[in-house]
Amino acid sequence: MSEPTLLIRDLHLSFRTYTGIIDVLHGISLHIAKGERVALVGESGSGKSVTARLIIGLLQMARGTRVDGLLQFEGRDLEKLSQSERHALRGTRMSMIFQDPTSSLNPVYTVGAQFHEVLRRSAPGIGKTQAMERATALLDEVLIPDPARVLASYPFQLSGGMNQRVMIAMALANEPSLLIADEPGTALDVTVQAQTLKLMRDVVTRHGTSVLFISHNLGVVREFADRVYVIYKGRLVEQARTDDLFDNPQHPYTQALMRAIPRITGGGIPDIEEASERFHEPLIVHESCGEPGGAR
Amino acid sequence: MSSVTRLILKRLGISLIVLIGVSMLIFTIARIIPGDPARIALGPSASPEQVEVLREKLHLNEPLPLQYGYFLADLARGDLGVSLYTNRPVTADIAQFLPATLELVLLAGTMMILIGLPLGILSARYRNSWIDGTVRVISILGVSAPSFVWAVILMLLFAYFLPLFPVAGRISDSYAIPSVTGFLLVDTLAAGNIAAFANALSHLVLPAFALALSGIGQAARLTRANMVETYGRPYIEMARSYGFPERKIARRYAFRPSLIPSLTIIGLDFAAMLGNAFLVEAVFAWPGLSRYGVAVILRKDLNAIVGTVLVISAMFLIVNIIVDILIAIINPRIRLSQRST
């Protein structure tokens with residue numbers, strides 16, 4: 001197997017606050033192979049989003065954060081890179097898509113101007129005409145009709161689904177090897193979300209981009225990911241190929257998550273225990289997709 | 001027609017209506033408050049016949065709508081009547097006093113923008129640091145004490161104990177500058193007299209700063225608050241995730257969207273200074289329009305009151321239009337909404 005795009009070993013994170021130290025991640029290990037789409041699933045506050053922000057390096061800037069463990073990107077130890085080397089990776093080798101596309105775009109600049117800035121990250125001297133040509137091609141790829149109009153528009157003039165496509169195109173503009181999608185499209189309505197996610201899957205497959213897909217929505221994960229990690233209170237509790245996980249969830253917490261999906265056949269809101277001692281049981285690895293080097 | 005032109009025309013139209021409304025209001029109020037202006041103008045020793053003659057001359061015996069009609073007809077000819085206080089045409093008085101106040105207010109407004117905004121930006125970028133703390137203390141001081149208090153304090157500190165600046169007046173008597181525009185800074189430059197220009201400027205600094213202080217504080221606080229809020233927005237995080245330099249994020253992503261509310265308040269403050277200038281003008285013996293306005297109100301000088309209020313309202317409206325245009329330029333949402341109307 002070639003070198004994984006992302007390798008995380010025993011990642012710990014804690015925040016120092018006035019009242020003491022709060023541990024958020026208790027040793028997370030995961031890997032994403034080249035071109036693989038991996039989902040990180042868990043409830044709110046389980047540590048999904050902080051993991052994403054640690055990878056891209058945004059959280060380390062905040063005061064009172066303590067990070068431990070190995071974060072390796074394309075064979076390079078991220079924590080050993082200098083500030084500027086790390087900075088150079090952002091927006092070029094790795095990029096991120098956020099929850100709400102409309103509020104994630106700068107309201108006072110046109111989509112075109114924002115594309116230009118993104119493209120300048122990998123080609124600092126790129127001119128306006130060239131940037132617009134490239135942006136048009138990118139918008140074509142995410143099936144945006146009339147790219148020229150979209151480029152001249154401000155985010156508030158476009159629909160949420162349109163902005164989501166713009167975000168996807170922007171995130172892939174510099175051909176990153178890793179795309180982190182933090183609950184993409186949660187702010188959109190379900191049909192548009194499904195549409196854009198399918199589109200995103202097609203585009204990343206074509207580009208061979210690895211994806212870390214963060215979500216609380218198992219239905220969406222099933223459609224999108226090759227492999228799933230389940231995270232609960234800062235610990236990974238189960239890891240499997242998507243089909244295996246859905247066919248045969250083994251961990252009590254995963255089973256509870258599955259039961260939480262509302263069924264169209266009725267039965268009302270399932271009765272699930274809020275928290276259980278059993279949820280803290282260690283990582284369960286399904287056959288033939290083991291986390292090498294010992295989990296947890 | 002571009003959307004900005006459309007906006008300007010629309011705002012000009014509205015302003016004209018507002019101005020007519022203001023003129024009716026002030027015209028009526030000035031006439032229904034008790035006291036006979038003719039009697040006040042002529043003094044207690046004047047005979048009732050003399051008072052009657054003056055009342056007739058001022059059309060004070062006519063019904064109010066007719067008086068307003070006379071006023072409008074005169075106004076159309078650019079005539080605001082004669083001041084009972086200075087015995088000169090009101091337009092001449094305004095032409096003499098307005099430039100002094102405008103000069104003061106313009107410099108104070110410039111200070112508000114050039115000092116207040118950068119302080120707010122600094123404060124937000126280094127929030128919770130000592131820089132932030134200092135700026136916040138300065139701005140709360142600026143906001144909480146009225147400008148005439150600052151006028152006295154500044155005068156004591158920098159004109160009396162530490163004589164860096166002159167105590168009062170617009171320019172030293174030794175300079176004889178022909179009045180062309182009435183703006184001393186412009187006239188001295190036009191006359192090519194650099195020393196006189198420096199002298200006029202040094203007279204202007206303290207009163208303008210005293211007048212600007214509360215606006216500076218307000219602008220700094222508001223800009224800080226808006227920027228801190230903007231820094232929490234998702235598009236800032238997105239900009240960071242793309243690795244844009246922090247300086248660019250501060251300027252393009254945090255400052256520009258935050259500038260919109262700050263600009264609105266600065267515009268209002270700016271216009272309000274025209275009226276607030278009175279106490280500062282009084283402290284620094286500044287021969288400006290605000291001082292004139294108060295003097296004529298106390299004497300129930302009808303023509304002068306109406307004229308002064310109209311001019312100040314017009315200034316207020318002009319400043320508001322300028323602010324609206326600036327906001328439309330930086331805020332696409334407002335600019336583009338003009339298309340639909």
Side-chain angles (χ1 to χ4, degrees), chain A residues 49 52-53 55-63 83-111 113-115 117-122 124 152-157 163 166-167 170-171 173-174 176 179-182 187, chain B residues 2-4 121 124-132 223 226-264 324-340:
Chain A
S49 292
R53 280 158 183 74
I55 298 168
I56 202 123
L58 288 179
L59 207 56
Q60 286 88 335
M61 295 181 193
R63 269 190 280 175
Q83 280 284 347
S84 61
E85 282 174 310
R86 182 118 205 222
H87 191 262
L89 292 175
R90 279 204 279 278
T92 56
R93 301 306 300 148
M94 51 170 86
S95 59
M96 193 157 167
I97 293 178
F98 294 88
Q99 226 178 63
D100 181 357
T102 305
S103 59
S104 297
L105 292 165
N106 191 332
V108 299
Y109 291 102
T110 59
V111 170
Q114 297 184 52
F115 252 108
E117 294 213 334
V118 170
L119 289 167
R120 257 199 295 241
R121 287 288 298 147
S122 64
S153 304
Y154 292 89
F156 63 83
Q157 294 175 300
N163 281 325
V166 167
M167 294 264 292
M170 258 184 205
N174 293 323
L179 173 68
I180 300 168
D182 187 5
Chain B
S2 86
S3 49
V4 174
I121 298 171
R125 247 195 95 177
Y126 303 101
R127 74 169 163 283
N128 299 330
S129 69
W130 64 270
I131 299 177
D132 186 22
T223 308
N226 284 321
M227 271 185 80
V228 166
E229 196 197 318
T230 313
Y231 263 120
R233 292 273 165 81
Y235 56 84
I236 297 282
E237 195 180 25
M238 164 146 157
R240 289 208 170 111
S241 83
Y242 275 100
F244 295 149
E246 203 56 30
R247 259 196 23 244
K248 182 182 256 179
I249 291 177
R251 205 182 62 238
R252 284 175 67 97
Y253 285 77
F255 177 59
R256 203 169 141 177
S258 329
L259 188 60
I260 297 160
S262 299
L263 211 57
T264 314
D324 279 350
I325 293 167
L326 287 179
I327 287 176
I329 289 171
I330 57 170
N331 189 354
R333 208 177 275 251
I334 288 181
R335 185 168 70 233
L336 294 168
S337 70
Q338 293 302 315
R339 265 182 206 157
S340 53

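Not measured: the values here are computed from a predicted model. Here is the naming used below: chain letters follow the sequence lines, and residue numbers restart at 1 for every chain.
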Minimum side-chain heavy-atom gap B:E237-A:M96 below 4.5 Å: no
Contacting region of B:R233 [heavy-atom separation from chain A under 4.5 Å]: neither
Over 12 non-hydrogen atoms of neighbours within 6.0 angstrom of CZ in A:F156: yes
Side-chain touch A:V118/B:F244, heavy atoms, less than 4.5 angstrom: yes
Heavy-atom check, side chain of A:F98 versus side chain of B:S241, under 4.5 Å: yes
Proximity breakdown for A:A171 and chain B, heavy-atom pairs closer than 4.5 Å: both
Closest approach of B:P332 to A:P107 (non-hydrogen atoms, all atoms of both residues): CG-O, 3.6 Å
Best-contacting candidate, A:I56, A:T110, A:N106, against chain B by heavy atom pairs under 4.5 angstrom: A:N106
Contact origin within A:R86 toward chain B - heavy atom pairs under 4.5 Å: neither
Between A:Q114 and B:Y242: side-chain donor-acceptor atoms closer than 3.5 Å: no
A:E117 portion near chain B, given a 4.5 angstrom heavy-atom threshold: both
Heavy-atom donor-acceptor pair, A:R121 side chain to B:G243 backbone, under 3.5 Å: yes
Part of B:I236 lying under 4.5 Å from any heavy atom of chain A: neither
Minimum-distance pair of heavy atoms, taken over all atoms of B:I260 and A:V108: CD1-CG1, 4.4 Å
Choice from A:R120, A:M170, A:M94 maximising heavy atom contacts with chain B below 4.5 Å: A:M170
For the student: nearest non-hydrogen atoms of A:Y109 and B:R252, plus distance: CE1-O, 3.3 Å
Interatomic spacing from CD in B:E246 to NE2 in A:H87 - rounded to 0.5 Å: 7.5 Å
